[in-house]
Amino acid sequence: MTPLQRIREDPDEVRATLAARGFDAPLEKILELDRKARELRRQLEDLNAERNRASRGGPPSDEVKARMRELGERIKAISGDLNALETERDEKLLWIPNVIDPRVPQGKDENDNTVVRKDAPKKLAVEPRPHWEIGESLGILDIPRGTKLSGSRFYVLRGAGAALQRALIAWMIDLKIEAGFTEIYPPSVTRRETLLGSAHLPHFDENLYRDEDDDIWLVPTAEPQLVGLHRDETFEPGALPKRYVAFTPCFRREHMSAGRDVRGIKRVHWFDKVEMVVYCAPEESPKWLERMTDLAVDVLEKLELPARVTERCAGDLGFTALRGFDVDAWGPAANEWLEVSSASDCGPLQAERSNIRFRREAGGKAEHVHILNASGVALPRLMIAIMENYQHKDGSLEIPKALRSYLRGRDKIAPGEFTL
RNA sequence: GGAGGGGUGGCAGAGCGGUCGAAUGCGGCGGUCUUGAAAACCGCUGAGGCUUUCGGGUCUCCCUGGGUUCGAAUCCCAGCCCCUCCGCCA
């Protein structure tokens with residue numbers, strides 16, 4: 001059911017969805033444009049039929065030519081108007097968010113999310129220091145030089161800090177591969193069409209970096225690439241589910257949040273993330289949403305970090321998801337739950353925009369797949385959680401056991417090993 | 001960056017500006033034959049929209065967007081993508 005169909009058949013559902021999500025979209029305008037467009041299209045088709053009849057079977061008489069020339073003018077005029085109407089309608093349709101799954105809790109913002117799981121904070125033997133202090137004193141996180149190089153909200157990792165992040169990436173990808181995902185290494189820049197397909201455009205526009213000259217965009221997550229991978233494709237029976245995992249840098253302008261979370265690396269313009277995307281049959285997507293959430297939690301469990309899982313309420317769902325869960329790790333010094341993953345069931349929305357379908361049986365009718373995505377997980381906040389939860393009295397940072405084999409056996413980063 | 005060539009149905013590949021939604025081959029589906037299968041032969045086989053007294057009717061789509069024309073898959077312009085050669089380069 002595309003947004004246009006939804007609006008035609010049940011505008012009240014769309015109104016309710018917009019209200020529940022706290023989104024605004026020009027619904028009435030779309031309805032009006034669509035009414036006019038359909039009327040014009042009917043006129044145009046009648047005229048086209050007339051012209052087709054006349055031009056079948058060879059050169060017409062001069063008399064007919066003259067009449068057809070006039071007809072041609074009318075066709076051109078009407079199709080010009082129709083084109084303008086439909087273009088405007090379709091642009092506005094891009095602002096219609098996904099439907100909301102009936103299971104999604106009511107609510108206005110993240111405070112109304114439902115807590116599904118909440119671990120107790122880890123007992124620390126020290127008064128927790130914030131990650132930027134730990135990182136600086138161990139010489140593994142250099143924020144001033146990141147700012148010098150690239151501006152505010154950029155940072156540099158150094159020595160074992162850089163290696164730790166690299167180990168996390170490799171380890172997390174391996175976990176997904178073990179879970180049956182296929183690793184993808186996509187470009188970190190993408191085209192406008194790809195972002196339209198994943199529904200990051202138009203509504204995420206202000207958060208995206210771009211090169212205007214070439215109309216090429218830096219990805220805000222691997223999601224558009226993993227969704228775009230199969231744009232304009234139809235899966236044959238047996239091909240689903242498709243499970244992908246990719247590591248990419250993520251670029252976000254974060255203009256809206258200037259002034260929030262300024263210290264440290266919780267909110268930055270450039271970060272790394274391991275991302276999962278699953279394509280499946282419609283009836284399978286609830287199951288995959290759970291599994292993908294579990295895979296994000298699995299990372300925290302294996303790192304022995306306190307985890308919280310919340311189901312996003314209607315007002316916190318965002319544009320694309322019809323249902324979703326967030327996964328947080330506890331930051332003892334930050335004294336808050338740090339969102340490291342967001343799992344979303346996007347239903348058929350991205351598949352509709354990207355024209356991705358599947359057949360249940362050979363020769364059957366093609367249906368849109370459901371597409372889900374989840375971080376697995378984002379690195380800066382994971383690094384924060386590790387630094388804050390694994391700090392020791394002597395100023396050292398313990399390396400979580402799960403990672404040691406990925407760091408050539410290193411079990412801690414000691415003071416004095418690295419200096420800024 | 002320079003010079004050429006090209007983008008047609010699931011694939012391959014034709015297509016003097018009119019009767020082309022598009023030859024032909026392969027693939028797929030159905031049938032004949034066969035114990036069964038293969039081979040051979042026969043038939044069918046793109047998608048989407050609007051409409052329907054459900055027989056059908058009609059429009060759109062030959063990369064995308066403009067243009068020329070009574071009429072465009074066919075001609076012109078722009079863009080995107082692919083290929084070949086040259087240059088540059090991690």
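What you see below is based on every heavy atom in this structure, not just the backbone, and it leaves out hydrogens, waters and symmetry mates.
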>> So Arg253(A) and Leu218(A), do their side chains get closer than 4.5 Å, heavy atoms only?
In response: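 They are not in contact (no side-chain heavy atoms under 4.5 Å apart), so the answer is no.
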> With side chains defined as the heavy atoms from C-beta onward, is the minimum distance between Arg404(A) and Lys401(A) less than 4.5 Å?
Replying inline: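 In short, these two side chains touch, coming nearer than 4.5 Å.
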Considering just the side-chain nitrogens and oxygens of [X], establish if one lies under 4.0 Å of OP1 or OP2 belonging to [N].
X	N	result
Asn83(A)	G66(B)	yes
Asn48(A)	U60(B)	yes
Lys76(A)	U68(B)	yes
Asn52(A)	U58(B)	no

Rounded interatomic separation in angstrom, taking [atom1] from [X] and [atom2] from [N]:
X	N	atom1	atom2	value
Asp90(A)	G48(B)	CG	P	18 Å
Glu193(A)	C63(B)	CD	P	17 Å
Glu50(A)	G57(B)	CD	P	19 Å
Leu71(A)	C59(B)	CG	C1'	14 Å
Glu367(A)	A47(B)	CD	C1'	16 Å
Arg8(A)	G49(B)	CZ	C1'	9 Å
Arg41(A)	U58(B)	CZ	P	17 Å
Leu82(A)	C59(B)	CG	P	16 Å

Rounded distance in Å between the [atom1] positions of [N] and [M]:
N	M	atom1	result
G27(B)	C11(B)	C1'	7 Å
A73(B)	G46(B)	C1'	16 Å
U69(B)	C77(B)	C1'	16 Å
C70(B)	G57(B)	P	30 Å
G65(B)	G56(B)	C1'	35 Å
U32(B)	A14(B)	C1'	32 Å
C16(B)	A12(B)	C1'	24 Å
U19(B)	A37(B)	P	44 Å

Strand partner of [N], provided both Watson-Crick or wobble distances fall under 3.5 Å:
N	result
G9(B)	none
C88(B)	none
U32(B)	A40(B)
A78(B)	U64(B)
C50(B)	G57(B)
G27(B)	U45(B)

>> Glu417(A) and salt bridge (charged side-chain N to carboxylate O under 4.0 Å, His left out): which single residue from Arg410(A), Lys412(A), Arg158(A) fits?
In response: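 Output: one option passes, namely Arg410(A).
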From the set [options], return the single nucleotide nearest to any side-chain atom of [X].
X	options	value
Arg38(A)	C50(B), C70(B), G49(B)	C50(B)
Ala49(A)	C50(B), C70(B), C59(B)	C59(B)
Arg51(A)	G66(B), G71(B), C81(B)	G71(B)

>> Between Arg69(A) and Arg357(A), which residue's closest nucleotide on RNA chain B lies nearer the 5′ terminus?
In response: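 Of the two residues, Arg357(A) wins.
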>> Reading RNA chain B from 5' onward, which residue's closest nucleotide shows up sooner: Ala366(A) or Met68(A)?
In response: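 Its nearest nucleotide being more 5', the pick is Ala366(A).
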> Out of Glu223(A), Met172(A), Glu275(A), Met276(A), which one pairs with Ser375(A) under the side-chain contact (heavy atoms from CB on, under 4.5 Å) rule?
Replying inline: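 Answer after filtering Glu223(A), Met172(A), Glu275(A), Met276(A): Glu275(A).
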>> For Val227(A), is there any backbone N or O sitting under 3.5 Å from a side-chain donor or acceptor partner on Tyr279(A)?
In response: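 Checked: pair present.
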>> I'd like to know if the side chain of Lys36(A) reaches the main chain of Glu32(A), judged simply by a donor and an acceptor atom lying under 3.5 Å from each other, with no hydrogens or angles considered.
In response: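 Not at all, since once roles are kept as given, no pair shorter than 3.5 Å links the two residues.
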> More than 12 foreign heavy atoms under 6.0 Å from CD of Glu233(A): is that the case here?
Replying inline: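 Count over threshold, so yes.
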>> Just confirming the chi classification of G9(B), syn or anti, using 90° around 0 as the syn window.
In response: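 Anti conformation here, the glycosidic angle of G9(B) being more than 90° from 0.
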